[in-house]
Amino acid sequence: MVDALGVAVVGFGWMGRVHTQAYARVAHHYPQLGLRPELVAVAEEVPGRAEEAAERFGFASATRDWREVAADPRVRAVSITAPNFLHREIGVAMAEAGKHLWIEKPVGLSSADARAVADAVAKAGVQGAVGFNYRNAPAVEAARELIASGGIGTVTHARIRLFSDYAAHPEGALTWRYERERGGSGVLGDLASHGADLARFLLGDIASLTADTAVFVPERARPTGATAGHSRAAGGELGPVENEDYVSCLLRFASGARGVLEACRVSVGEQNNYGFEVHGTRGAVFWDFRRMNELGVSRGTSYQDQPVSTVHVGPGDGEFAAFQPGAANAMGYDDLKVIEAYRFLRSVAEGVPHGATLADAVHSADVLDAMARSAEQGAWVPVTV
């Protein structure tokens with residue numbers, strides 16, 4: 001017996017579409033799931049966008065006001081893919097209305113925002129999932145198991161990188177992403193939030209850090225109309241970029257390991273160059289998102305001149321078997337969101353969390369807040385948890 005679950009999507013930019021497509025695909029990859037998501041409502045304040053989404057994807061209703069979704073008894077679960085500054089208000093309201101939440105990172109503009117949503121979810125007794133999609137890659141889960149099993153010895157140091165060029169063009173529009181009040185901490189919230197989650201997912205809690213930040217494109221043109229994604233706005237009135245283009249950070253883990261986390265949104269020549277290198281006393285493991293289904297693994301007893309082997313993940317790794325029958329068959333980005341949808345819906349069905357939770361969002365936000373404090377003070381700071 002498969003139960004129907006009314007779902008809604010609030011905010012219909014690119015990520016809202018990705019969530020919607022994941023809901024549509026989840027039953028194909030996970031036929032054993034005891035819930036079938038039904039697209040009940042979509043909310044988007046940009047005129048005409050919600051109606052277009054309803055027509056294209058089959059939502060039963062469309063609205064410009066997310067409050068109508070909160071009041072809709074048909075809706076039992078909500079994807080919140082609106083801009084960062086709305087996460088706290090919408091997340092708390094949906095939890096108080098008894099809706100399960102699948103919310104995109106960084107869950108607001110600060111750790112206080114993330115905690116507010118987490119507290120509302122806990123108080124309401126609903127499930128809350130967060131969009132830390134890179135931890136869902138089967139290769140990342142395989143790397144975590146290798147590290148935890150001692151396969152590379154005791155971890156000594158790691159490097160996590162997130163370089164992209166989506167904001168590199170000087171004609172990129174001055175959207176909400178570049179404003180403190182609406183976008184928060186720039187590349188910290190957008191990319192470094194993923195890095196903080198990957199660091200903790202792989203290596204445990206971060207105890208302290210020191211960070212440096214910079215803005216490399218100080219002015220952008222204001223858009224004259226609604227925007228989606230990373231639009232251009234040549235010739236418009238110039239305004240200041242208020243948040244960070246770049247962050248570099250030294251990490252000290254509770255385990256004693258050391259780390260480097262670096263993220264940039266204006267890296268010319270870099271397209272989604274996300275990955276990590278983790279070194280231990282007997283080996284190392286390497287992952288590059290652009291070769292998502294591969295790991296570089298070095299292990300043994302040679303120490304010096306020890307080779308690195310390329311390992312293709314397969315059906316025994318993470319959720320790979322739900323998508324492909326054999327190793328080296330490729331998975332892609334959208335598949336990671338299908339895994340996320342599955343774990344969210346499984347959490348709802350079973351009443352216990354699976355995958356990234358609001359607690360993980362709070363931990364990531366604590367790291368981001370510490371980065372901002374450190375960059376301002378020019379000093380090492382503890383990570384408050």
Side-chain angles (χ1 to χ4, degrees), residues 9-21 42-57 59 62-67 69 79-91 103-110 113 131 162-194 213-247 263-272 333 368:
V9 176
V10 175
F12 210 84
W14 169 65
M15 188 53 67
R17 176 174 58 80
V18 172
H19 276 232
T20 301
Q21 292 172 164
V42 57
E44 167 58 62
E45 66 176 10
V46 175
R49 192 177 287 175
E51 290 77 10
E52 180 183 353
E55 181 178 356
R56 180 177 176 184
F57 294 99
F59 289 95
T63 178
R64 291 182 63 186
D65 188 351
W66 61 262
R67 295 168 185 82
V69 174
S79 280
I80 300 174
T81 56
N84 299 350
F85 70 97
L86 295 172
H87 286 185
R88 178 172 182 165
E89 181 183 10
I90 298 174
I103 186 169
E104 275 304 315
K105 38 59 62 183
V107 189
L109 306 180
S110 65
D113 285 353
L162 299 108
F163 298 146
S164 187
D165 64 354
Y166 66 79
H169 202 292
E171 293 180 0
L174 187 69
T175 64
W176 61 268
R177 291 184 181 277
Y178 304 100
E179 300 174 358
R180 285 282 180 197
E181 186 176 351
R182 297 193 298 165
S185 57
V187 77
L188 274 70
D190 196 19
L191 294 181
S193 57
H194 282 298
T213 61
V215 177
F216 296 134
V217 184
E219 290 185 319
R220 295 182 182 276
R222 301 184 188 279
T224 57
T227 61
H230 306 289
S231 305
R232 304 273 179 85
E237 178 188 357
L238 293 178
V241 172
E242 299 174 350
N243 53 29
E244 305 86 352
D245 287 331
Y246 170 85
V247 61
C264 185
R265 64 188 180 187
V266 297
S267 297
V268 175
E270 301 280 15
Q271 297 86 39
N272 298 327
Y333 175 86
L368 302 186

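Basis for what follows: all heavy atoms, side chains included, without hydrogens, waters or symmetry-related copies. This is a predicted model, so every value here is computed, not measured. All residue numbers refer to positions in the sequence shown, counting from 1.
- Qualifying side-chain hydrogen bond (donor to acceptor under 3.5 Å, both in side chains) partners for Glu89, counting only residues two or more places apart in sequence or in other chains: Arg67.
- In this structure, Glu45 places its CD atom where only 12 or fewer heavy-atom neighbours from other residues, nucleotides or ligands lie under 6.0 Å away.
- When the options Tyr178, Tyr246, Phe216 are evaluated for a side-chain contact (heavy atoms from CB on, under 4.5 Å) with Arg265, the one that passes is Tyr178.
- The line from NE2 of His87 to CG of Asp113 is 10.0 Å long, rounded to the nearest 0.5 Å.
- Between Phe12 and Phe59, the ring planes lie perpendicular to each other; the angle is over 60°, past the 30° to 60° tilted range.
- Side-chain contact between Arg180 and Ser185 is present, with at least one heavy-atom pair separated by less than 4.5 Å.
- Between the side chain of Asn84 and the backbone N or O of Pro106 there is no donor-acceptor pair closer than 3.5 Å.
- Here the side chains of Asp245 and Val187 are not in contact, with every heavy-atom distance at 4.5 Å or above.
- Taking OG from Ser164 and CD from Gln271, the interatomic distance works out to 7.5 Å, rounded to the nearest 0.5 Å.
- Considering CG of Leu109 and CD of Glu181, their distance stands at 9.0 Å, rounded to 0.5 Å.
- Distance check, rounded to the nearest 0.5 Å: OG1 of Thr175 to CZ of Arg182 gives 7.5 Å.
- Leu86 places none of its side-chain heavy atoms less than 4.5 Å from the side chain of Val10.
- Here the shortest heavy-atom pairing between Ser79 and His19 reads OG-ND1, 2.8 Å.
- Tyr166 and Asp190 share a donor-acceptor pair across their side chains, judged by distance under 3.5 Å alone.
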Apply salt bridge (charged side-chain N to carboxylate O under 4.0 Å, His left out) to residues Arg64 and Glu51 and explain how you reach the verdict. CA-CA 9 Å; Arg64 291 182 63 186; Glu51 290 77 10; over 6 Å; no
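- Smallest separation of non-hydrogen atoms from Asn243 and Val215: O-CG2, 3.3 Å.
- For Glu219, the CD atom is densely surrounded, since the number of other residues' heavy atoms within 6.0 Å is greater than 12.
- Interatomic distance, CG of Asp165 versus CG of Asn272, reported as 8.0 Å (0.5 Å rounding).
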